[in-house]
Amino acid sequence: MMTGYLLLFLLLAASAASIIGSRRAVAQRAAMGRAHSRPIYHGLNVAIWTGVPALVFLLLWLAGQNTVLDQLVIASYPGAESLDPAARSLLLSEIRQVASGSIFREPTPEVRAAVEHLKSLQSLAQWAMVVLVAAVAIVGATLGFRVIGQRYRARHSVERSITLFMMFSSLVAIFTTLGIVASLVFEAARFFSMVPITEFLFGLRWEPQIAMRADQVAGQGAFGVVPVLFGTFVISALAMLVAVPVGILSAIYLTEYAGPKFRAVVKPALEILAGIPTVVYGFFAVLTVAPAIRTLGLSLGIPSAPNSALAAGGVMGVMIIPFISSLSDDAFAAVPRAMREGSYALGATKGETIRKVLLPAALPGIVGGVLLGFSRAVGETMIVVMAAGLIAQMTLNPFEAVTTVTVQIVTLLIGDSEFDNPKTLAAFALGLVLFVITLGLNLIALHTVRKYREKY
Amino acid sequence: RDQIMVVGSSTVFPYSQAVAEEFANKTGNQAPVVESVGTGGGFKAFCGGIGEATADITGASRAIKESELKLCADNGVTDITEAMIGYDGLSIAHARSAPEMNLTEEQVFLALAAELPDGKGGFIANPNKKWSDIDASLPDFDIIAFGPPPTSGTRDAFVELVMHDGCSELEGMADLKKSDADKWNEVCSRMRQDGPFVEAGENDNLIVQRLESDPNAVGIFGYSFLYENNDKLKAVKINDIEPTFDTIADGSYPVARPLFFYVKNQHRDVIPGMKEFLAEYVSEEALGPDGYLAERGLTPLSDELRAELQTNVLEGKKLGM
Amino acid sequence: MTPAATNGALVDWHSAEMKARRKARYAADRRLQIYGMVAITFALGFLAVLLGTLTFTGYKAFTQTVATVEIDLSSQDIDRAELMEANWRNIVKDALLTTAPGELSRSDERAYMSLFTSSAPYLIREAVLKDRSLLDRSSAYRIPLSDPLDQLAKGEVDRATPENQRRVSDQQIAWYDSLVEQGVISQPFNWALFFNADSRFPELAGLAGAISGSFWALLVCFLISFPVGIAAAIYLEEFAPKNRFTDLIEININNLAAVPSVVFGLLGLAVFLGWFGLPRSVPLVGGLVLSLMTLPTLIIVTRASLKSVPSSIREAALGVGASKHEAIFHHILPLAMPTIMTGTIIGLAQALGETAPLLLIGMNAFITSPPGGVMEASTALPTQIFIWADSPERGFVARTSAAILVLIGFLILMNAIAIFLRQRFERRW
Amino acid sequence: MSEAIVEKTLEKKMNDLSYKMIGQDVSVYYGEKRALFDVNLKVRKNTVTALIGPSGCGKSTFLRCLNRMNDTIDIARVTGTITLDGADIYDPDIDVVELRARVGMVFQKPNPFPKSIFENVAYGPRIHGLARSKADLDQIVESSLQKAGLWNEVKDRLHEAGTGLSGGQQQRLCIARAVAVSPEVILMDEPCSALDPIATARVEELIHELRANYSIVIVTHSMQQAARVSQRTAMFHLGHLVEEDDTDKMFTNPNDQRTQDYIMGRFG
Amino acid sequence: MSEAIVEKTLEKKMNDLSYKMIGQDVSVYYGEKRALFDVNLKVRKNTVTALIGPSGCGKSTFLRCLNRMNDTIDIARVTGTITLDGADIYDPDIDVVELRARVGMVFQKPNPFPKSIFENVAYGPRIHGLARSKADLDQIVESSLQKAGLWNEVKDRLHEAGTGLSGGQQQRLCIARAVAVSPEVILMDEPCSALDPIATARVEELIHELRANYSIVIVTHSMQQAARVSQRTAMFHLGHLVEEDDTDKMFTNPNDQRTQDYIMGRFG
Ligand SMILES: Nc1ncnc2c1ncn2[C@@H]1O[C@H](COP(=O)(O)OP(=O)(O)OP(=O)(O)O)[C@@H](O)[C@H]1O
Ligand SMILES: Nc1ncnc2c1ncn2[C@@H]1O[C@H](COP(=O)(O)OP(=O)(O)OP(=O)(O)O)[C@@H](O)[C@H]1O
Ligand SMILES: [Mg+2]
Ligand SMILES: [Mg+2]
Ligand SMILES: O=P([O-])([O-])[O-]
């Protein structure tokens with residue numbers, strides 16, 4: 001609550017400072033003539049000085065407050081030195097609970113004393129925070145006001161702050177990647193302490209079912225990731241088999257043959273395919289497409305599983321069509337008009353121009369797009385969760401069921417095993433594998449696309 | 001926090017859901033947040049500690065394990081009440097249009113196990129492709145069974161209640177259990193991976209919808225789904241017994257398991273409405289033979305067990321450690 | 001040797017051979033065109049089948065069978081100070097029993113009451129709490145029929161099946177028919193689908209919770225990814241020096257745009273729930289995860305649109321003495337804004353349909369009231385679909401499809417806005 | 001036969017003999033905008049015709065009418081008639097593919113396909129089926145490159161990328177590519193404006209040589225270049241053909257004041 | 001004081017008096033590639049200096065050094081010194097924003113902001129805080145448009161889009177925009193090459209008038225234009241300054257053979 005008011009206060013203070021600052025700059029300019037920066041920059045500069053350090057201070061305070069208070073409370077607790085860290089944290093959590101009014105059991109007098117101590121410290125801290133934040137804001141504002149003057153380059157300083165913020169923003173991507181890696185690596189490491197990494201990477205059997213019971217030795221060789229990867233690639237390949245020709249051909253039609261009206265209607269319609277949530281595709285695959293494919297397979301005399309790879313892959317392919325087609329579209333558009341004209345001028349038909357000039361010229365771009373599409377297929381989750389099977393088998397028959405990395409991650413995580421079971425932890429190892437694979441694919445794809453872009 | 005937080009088994013989820021809604025309606029309190037994270041996931045959240053961020057109640061389709069109790073204790077969750085609220089029948093069912101089937105547990109095992117004893121002390125991959133391969137009296141079509149994934153408690157229960165029993169009835173298996181328990185366990189627990197058994201994910205409704213379109217297939221799922229879809233599906237009898245509330249409750253239907261929820265008593269006095277919620281959960285209106293949980297497919301407990309349950313829960317009987 | 005190869009001589013373009021050849025070439029051209037058409041037809045046909053199937057299974061959920069019953073509350077003995085405590089159950093029961101044909105035995109009464117939603121008393125109570133003047137008069141209330149009867153009314157239950165195979169008994173069917181005869185039954189538009197939160201009873205379940213959950217999550221996603229995305233894009237496009245490190249950032253961003261969403265779910269699980277200790281199931285965490293997912297797309301789109309502003313504008317601004325920041329914030333960014341907005345909307349639309357990461361951070365809970373803010377537990381549209389799909393009650397089958405249609409409706413709406421923006425503000429330089 | 005008819009036939013005969021292409025009342029509209037106004041221009045055999053005029057006056061537009069390149073622009077519309085050896089090239093019966101093979105084109109910016117040098121030149125003959133055999137094709141490629149004066153420079157690297165050549169070489173490659181389908185007319189749109197002086201000189205030399213076998217129409221923004229390479233010059237202004245005459249005459253004694261002004265650098 | 005020093009001071013004085021900007025040994029590199037080689041060029045006050053030379057010879061590059069527009073190209077690197085009224089403009093202390101306000105620029109393609117005519121002209125005075133009041137600003141806009149000879153044509157539609165004007169008007173708008181911040185030097189990079197003859201004439205006239213108050217440097221590809229508008233001409237070739245002299249002298253009697261060849265149209 002207090003924090004909310006403080007934030008509001010800072011906002012108001014900064015706005016006020018900005019107005020006063022720019023007024024003052026106006027006045028000075030009236031008195032002394034042309035200044036380096038316009039008044040508005042002086043105002044903004046004061047606002048930044050007023051708001052930002054105080055805000056940072058506030059955040060740091062909030063982050064540190066509890067640790068410090070805990071230390072103080074524990075330090076005054078009789079006999080705390082003798083407690084081991086676990087007990088200490090238990091004690092602390094009890095004190096905190098009691099202080100927040102949730103009494104789980106009758107507290108001991110020591111605890112009660114500590115609670116009182118904590119409460120007094122808390123209210124002290126609260127006021128200290130208010131006072132200090134306000135002080136920082138005032139000091140900042142004073143400093144900000146001081147520098148208003150003819151020569152002061154307020155614009156530079158404001159622009160520097162903005163640049164800093166922008167720089168920080170661009171680092172978010174790095175933080176995200178680090179976060180992903182960190183959140184996967186720790187749990188995966190625990191998994192690898194139970195299942196040898198070689199067995200995970202090279203094992204040919206994936207049967208998390210065996211190792212699940214508490215009375216069994218964990219592992220038992222049922223965590224071989226190869227068949228899971230194999231299934232992933234089979235399904236992704238099937239998806240590409242649908243998406244690549246359809247995507248490229250529709251891109252060709254739309255960019256080269258279709259009139260502007262047709263294009264204006266059909267292109268967004270195709271993009272709807274990309275916008276449909278994958279969970280919806282999943283339903284469609286499992287309830288409509290899979291039975292149809294099974295019937296087809298059986299009528300052809302091919303043994304067909306109800307969860308055929310073809311159903312999941314095919315539907316996933318449809319989902320990827322707009323992706324491939326819009327990337328191919330870009331690739332075609334990037335081929336300079338001069339190429340087209342060069343070909344037409346030699347008497348080539350449209351078809352010849354497309355097949356012999358545009359396609360080869362756009363190929364690197366298209367290949368990049370296909371690779372990106374492939375990595376998307378590898379990482380696609382909901383369709384396969386619903387429509388692909390869970391049986392890890394190595395078969396190339398598209399009418400059989402296979403499983404994928406993402407299916408296993410979701411199943412393992414929303415499943416029912418114990419927290420420290422290799423089965424649950426395997427999800428993180430799989431996540432790591434998935435991340436590494438898509439990273440590789442993306443890097444290759446980006447490299448191809450980029451290199452190709454440089455060409456024109 | 002002014003809401004109760006309930007996590008845990010997907011099987012118990014619909015029941016907790018029903019109680020939560022009824023509780024909110026009745027008392028005008030904020031409805032509890034009920035989340036289905038699986039039994040194991042539930043215990044993980046439940047045993048994470050005490051305080052706002054952790055769950056108050058977790059549902060489970062099996063009893064809590066030693067290791068989970070230990071985790072709880074390590075995190076200061078020391079006062080837990082266990083509540084067994086009824087039974088969940090595991091039905092094997094197929095489309096209405098399919099021919100009647102009546103299977104023994106042994107036949108189920110022969111149809112779905114990964115490996116079968118070859119009669120000479122060794123084991124061979126399950127050769128049965130059609131039901132009629134197992135027994136000539138069974139229909140002559142491919143074995144297709146949709147079932148829960150290895151990660152679910154339902155699968156656990158199915159293996160334990162059907163596969164193990166069916167397995168033990170085979171020749172020589174009883175001896176094997178004594179001589180090499182691990183091997184026995186492996187043989188009796190592994191479901192086949194070569195197609196006839198289809199691990200269909202956690203979504204039982206999808207199984208139901210697929211059974212409709214495929215009269216040759218059978219599905220394995222909670223009884224409540226069969227109950228809701230009575231017009232489309234019918235049960236396969238196990239050992240001649242059809243699953244009904246009565247046969248499940250009196251134990252004659254072999255494939256039923258108890259359902260539980262666990263209460264974090266340390267939260268009882270702090271989370272508003274928790275006591276009332278628990279009271280609602282174990283009330284006659286909910287758990288009784290005509291209660292609304294029965295209406296959703298929960299097989300109720302006998303009167304004595306129910307009475308005991310009610311006192312245990314209301315008084316917060318501490319689970320022995 | 002052909003004429004062409006002989007120096008200077010001319011090709012006979014009108015020989016039969018040349019003519020045939022040209023014909024074949026044109027045929028090949030037409031074939032390619034037809035393949036393209038077939039490809040588009042395939043893709044759009046699939047879309048049509050998908051939407052058609054959904055509509056076919058889902059359209060029935062847009063109506064709800066209700067019984068309109070007159071209840072006179074003024075004649076009831078209700079303590080106005082304790083409205084919550086009044087015996088609504090009996091009041092409603094008495095009112096509903098008046099529609100029954102003749103006297104019913106006690107067990108028949110129970111069976112008869114099961115025609116109507118069991119929450120009927122709470123519905124009346126809610127109505128009264130909202131409008132106390134109802135206490136003083138007799139008014140008509142619409143009571144939804146319970147799910148099995150709703151199914152019956154919608155023709156989903158085949159009366160010819162043996163009684164033990166349906167959820168409605170012959171007796172209930174007879175009662176229902178008599179209610180129809182009395183003209184009590186109607187099937188109005190199912191507003192509850194939009195204004196109710198989730199419920200275990202299909203006849204009451206609605207999407208309000210999911211829609212507002214999605215709204216809050218998207219709001220968080222927007223508030224974070226929009227400024228940060230634009231700031232990052234400007235920095236990378238306009239300020240960053242070209243070196244290894246900025247290269248790394250760039251590759252990173254492109255890569256993140258293609259990282260599987262389930263991995264983002266794992267990230268959210270570990271970082272926001274695990275390390276930061278944020279509560280489960282809340283839109284804040286959902287929004288944070290979604291914003292991390294949307295950010296790369298947004299940065300890429302923004303960079304592209306910044307790039308597409310011709311450098312002549314930049315030079316013009318710099319040429320009159322604007323600083324780089326001024327040139328960007330006064331000219332380039334405003335000009336790029338329509339494209340950025342388009343990209344943002346499309347990014348948000350994608351986030352709206354995202355399921356897997358929300359499953360992992362617990363936004364698939366059962367919650368019966370819409371969240372009032374970003375820190376209250378809630379579901380989102382796609383996860384609500386996921387939950388309903390797994391509910392045994394029949395009514396949820398149609399409702400799942402209806403929810404999907406609603407979600408797709410939102411997506412199409414957002415995309416349409418984006419396309420409109422694009423076409424309205426598209427600039428050709 | 002009436003005298004008028006005789007005269008007409010005679011004129012036609014004359015035309016056929018000395019004029020390769022004849023544009024009559026050619027107007028071009030880009031959407032609403034009219035870019036050419038009733039241009040009448042004759043292209044003579046074995047002659048280099050230069051089109052000059054300030055930027056945007058319609059030189060390229062007229063040039064692109066001659067091989068119907070304007071067809072590829074959706075909004076472009078052409079009226080009037082243009083004949084090639086007496087046959088109307090906008091006749092619906094005319095095959096545009098054949099037309100473009102007979103009226104080749106070289107563009108302002110060299111635009112080799114991103115393929116090998118050999119493939120660049122072989123592309124045209126291949127699609128038109130001009131070669132019966134591999135040897136045939138080799139022969140066509142070689143002679144075309146020779147005509148474009150590029151053979152000696154590239155004969156050892158025929159299978160390297162055409163885009164790897166220098167600008168001037170690329171432009172000559174494009175000329176070789178155009179020559180390879182045995183065109184009768186070659187259109188060039190500012191073929192040297194992206195080239196350095198040395199490359200320009202080479203290409204101008206080439207144009208001079210090609211004139212022996214082809215009719216050439218060249219657009220240029222450089223009056224000096226027009227003076228150096230062409231025999232006939234046509235001056236465009238604001239979409240109108242101002243005048244057309246022998247190059248010598250145009251540059252020494254133009255009829256029109258605008259030509260005079262333009263040549264003197266008073267505008268453009 | 002030694003004589004040398006006296007001489008030096010005197011020279012500096014002289015420079016200050018008659019030269020507005022002085023470039024000494026200016027070289028520019030684009031990455032590895034060197035685009036300018038030790039150019040020494042002085043820009044005189046109230047004089048129009050024309051930079052001529054074939055395409056790619058570095059005219060634009062040099063021009064853009066004069067207001068540090070090359071700073072905006074990451075890979076560009078400038079060495080040597082350039083002074084404005086004696087102060088080194090590449091001094092780190094110099095504020096490039098102020099420099100560009102003093103050395104305005106007009107580009108080849110008219111590039112008005114996609115805003116109203118008024119906003120286009122008012123933008124510069126606004127960001128530099130040159131106007132105290134709305135009336136002030138109106139006044140600046142009006143006088144700038146008047147100086148650019150555009151006032152009469154646009155005074156009734158000041159709030160219509162600047163991009164809606166014709167090419168020539170747009171270019172004059174850009175000149176007005178540059179003039180509005182009261183620059184001392186105006187740089188123009190082929191300001192007429194995208195304009196029709198009439199618009200060209202208007203702009204040339206304008207340049208003539210502006211000369212009274214500003215120093216002007218203009219790049220042009222038209223020798224005729226250089227001859228018409230400038231008093232001094234500098235000829236560039238392959239990144240080198242070939243020669244610089246009075247325009248009359250350059251066009252009648254150049255010192256360098258390359259200049260002679262270029263003026264005669266032998267290359268470029
Ligand atoms: N694709 C097009 N769409 C619309 N207008 C066009 C198009 N191409 C050319 N124009 C217009 O037609 C007129 C004539 O253009 P054209 O390209 O023929 O001129 P040009 O004499 O070749 O000029 P330049 O010397 O600059 O190449 C110009 O006003 C131009 O704006
Ligand atoms: N941004 C750039 N990056 C790399 N090289 C450049 C860049 N700008 C110009 N150059 C190169 O520097 C040289 C001089 O270019 P500049 O633009 O100054 O020529 P110019 O005389 O203005 O020619 P034009 O008459 O075509 O405008 C050219 O070789 C050009 O390729
Ligand atoms: Mg042109
Ligand atoms: Mg230039
Ligand atoms: O979620 P379950 O433990 O019931 O499978």
Side-chain angles (χ1 to χ4, degrees), chain A residues 155 159 162-163 165-167 169-170 172-174 176-177 179-180 183-184 245-246 249-250 252-253 257 266 268-273 275-280 283-284 288 318 321 349-352 354-355 372 375-376 379-382 406 409-410 413-414 428 431 434-435 438-439 442-443 446, chain C residues 25-26 28-29 32-33 35-40 42-44 46-47 50 53 228 231-232 234-236 239-240 249 251-256 258-263 266-267 269-271 292 295-296 299 323 325 349-350 353-356 359-360 382 385-386 389 404 407-408 411-412 415 419:
Chain A
R155 182 170 53 73
E159 288 178 350
I162 295 175
T163 312
F165 170 69
M166 296 195 296
M167 233 154 135
S169 299
S170 70
V172 169
I174 300 272
T176 309
T177 306
I180 288 176
S183 55
L184 294 177
V246 177
L249 284 173
S250 27
I252 286 178
Y253 189 85
Y257 289 108
V266 169
L270 273 185
E271 274 162 14
I272 292 180
L273 278 179
I276 289 180
T278 51
V279 62
V280 176
F283 276 109
F284 192 66
T288 311
V318 172
I321 288 174
T349 62
K350 214 165 200 171
E352 284 159 349
I354 293 164
R355 276 183 288 126
L372 280 178
S375 91
R376 186 153 288 212
E380 170 46 43
T381 311
M382 292 319 287
T406 48
I409 292 179
V410 171
L413 271 186
I414 62 180
F428 292 91
L434 185 61
F435 183 73
T438 49
L439 178 71
N442 294 338
L443 287 186
L446 293 173
Chain C
R25 288 169 61 194
Y26 279 122
D29 183 35
L32 185 64
Q33 193 169 353
Y35 295 150
M37 208 53 218
V38 168
I40 289 177
F42 170 80
L44 293 186
F46 189 97
L47 181 66
L50 177 68
T53 319
V228 173
I234 293 179
Y235 180 74
L236 292 174
F239 290 96
I249 295 183
I251 289 176
N252 219 311
I253 288 171
N254 284 314
N255 178 51
L256 278 184
V259 164
S261 57
V262 64
V263 172
L266 293 175
L267 168 79
L269 185 65
V271 173
L292 291 186
L295 204 53
I299 295 178
S323 71
H325 283 78
Q350 262 167 22
E354 206 56 68
T355 320
L359 289 185
L360 297 189
I385 291 168
F386 200 70
I404 291 175
L407 176 54
I408 292 183
L411 293 174
I412 291 181
N415 278 294
I419 289 169

Exercise for review: Kindly give the heavy-atom pair with the smallest separation between A/A173 and C/N252, and that separation in Å.
Suggested key: O-OD1, 3.8 Å
Check your understanding: Hey, what do you get for CG (C/L236) to OG (A/S170), rounding to the nearest 0.5 Å?
Key -> 5.0 Å
Exercise for review: Examine whether an atom of A/T349 lies under 4.5 Å from a heavy atom of chain C, and if so say whether it belongs to the side chain, the backbone or both; otherwise answer neither.
Suggested key: both
Check your understanding: Considering only heavy atoms, which portion of C/L50 lies under 4.5 Å from any heavy atom of chain A: side chain, backbone, both, or neither?
Key -> both
Point to revise | chain A interface, residue from C/Y235, C/F42, C/Y26 that has the most non-hydrogen pairs under 4.5 Å | key: C/Y235
Study note, to complete from the structure: Assert top hit (heavy-atom pairs under 4.5 Å, partner chain A, pool C/V259, C/L266, C/I408, C/I385) equals C/L266
Exercise for review: Would you please name every residue forming a salt bridge (charged side-chain N to carboxylate O under 4.0 Å, His left out) with C/R25, sequence neighbours left out?
Suggested key: A/E352
Point to revise | Contact summary for A/M166 and C/A231, nearest pair of heavy atoms | key: CB-O, 3.5 Å
Review point. A/Y257 and C/Y35: ring pair (Phe, Tyr, Trp, His ring centres under 6.0 Å), yes or no, with the steps?
Key: CA-CA 11 Å; A/Y257 289 108; C/Y35 295 150; over 10 Å; no
Review point. Step by step, would you call C/N415 with A/I272 a side-chain contact (heavy atoms from CB on, under 4.5 Å)?
Key: CA-CA 8 Å; C/N415 278 294; A/I272 292 180; 5.7 Å; no
Practice item. Kindly indicate whether the side chain of A/S169, heavy atoms from C-beta on, has any atom under 4.5 Å from the side chain of C/I234. Key: no
Practice item. Under 4.5 Å heavy-atom distance to chain A, tell me which part of C/L295 shows up: side chain, backbone, both or neither. Key: side chain
Practice item. Check whether any side-chain heavy atom of C/I251 lies under 4.5 Å from a side-chain heavy atom of A/L443, and answer yes or no. Key: yes
Exercise for review: Measure C/L407 against the heavy atoms of chain A and call it side chain, backbone, both or neither at under 4.5 Å.
Suggested key: side chain
Point to revise | chain C contact via A/I321 - which portion, at a heavy-atom distance below 4.5 Å | key: side chain
Review point. Which of the residues C/A28, C/G353, C/P382, C/G36 is involved in the greatest number of heavy-atom pairs with chain A at under 4.5 angstrom?
Key: C/G36
Exercise for review: Just do the side-chain contact (heavy atoms from CB on, under 4.5 Å) check on C/V262 and A/V410 with the steps written out, would you?
Suggested key: CA-CA 8 Å; C/V262 64; A/V410 171; 4.0 Å; yes
Check your understanding: Are side-chain heavy atoms of C/H325 and A/T163 found at a separation under 4.5 Å?
Key -> yes
**Study point:** Structural part of A/M382 lying under 4.5 Å from a heavy atom of chain C
**Key:** side chain
**Study point:** Contacting region of C/I419 [heavy-atom separation from chain A under 4.5 Å]
**Key:** side chain
Review point. Side chain, backbone, both or neither: which part of C/Q33 has an atom under 4.5 Å from a heavy atom of chain A?
Key: both
Point to revise | Between A/T278, A/V279, A/I252, the one whose heavy-atom pairs under 4.5 Å with chain C are most numerous | key: A/V279
Point to revise | Intermediate values then yes/no, side-chain contact (heavy atoms from CB on, under 4.5 Å), A/T177 and C/L256 | key: CA-CA 7 Å; A/T177 306; C/L256 278 184; 3.7 Å; yes
**Study point:** Heavy-atom pairs under 4.5 Å with chain A, option from C/I299, C/N255, C/T53 with the top count
**Key:** C/N255
Review point. Please walk me through it: do C/L47 and A/I276 pass side-chain contact (heavy atoms from CB on, under 4.5 Å)?
Key: CA-CA 10 Å; C/L47 181 66; A/I276 289 180; 3.6 Å; yes
Revision key, fill the gap. Heaviest contributor of heavy-atom pairs below 4.5 Å to chain A, chosen from C/L267, C/V271, C/L292, is C/L267
Point to revise | Which portion of C/A356 sits near chain A, non-hydrogen atoms under 4.5 angstrom | key: both
Practice item. Would you mind telling me which of C/V263, C/V38, C/L269 has the largest number of heavy-atom pairs within less than 4.5 Å of chain A? Key: C/V263
Practice item. Mind checking the CD1-CG spacing from C/I40 to A/L249? Nearest 0.5 Å is all I need. Key: 9.0 Å
Check your understanding: Considering residues, nucleotides and ligands other than A/M167, do more than 12 of their heavy atoms fall under 6.0 Å from its CE?
Key -> no
Check your understanding: Taking only residues two or more places apart in sequence, or in another chain, which ones meet A/E271 in a side chain to side chain contact (heavy atoms under 4.5 Å, CB included)?
Key -> A/K267, C/R422
Exercise for review: Tell me, for A/T288 versus chain C, whether the close heavy atoms (under 4.5 Å) come from the side chain, the backbone, both or neither.
Suggested key: side chain
**Study point:** Atom group of C/I249 that falls short of 4.5 Å from chain A, counting heavy atoms
**Key:** both
**Study point:** Minimum-distance pair of heavy atoms, taken over all atoms of A/A269 and C/L44
**Key:** CB-CD2, 3.8 Å
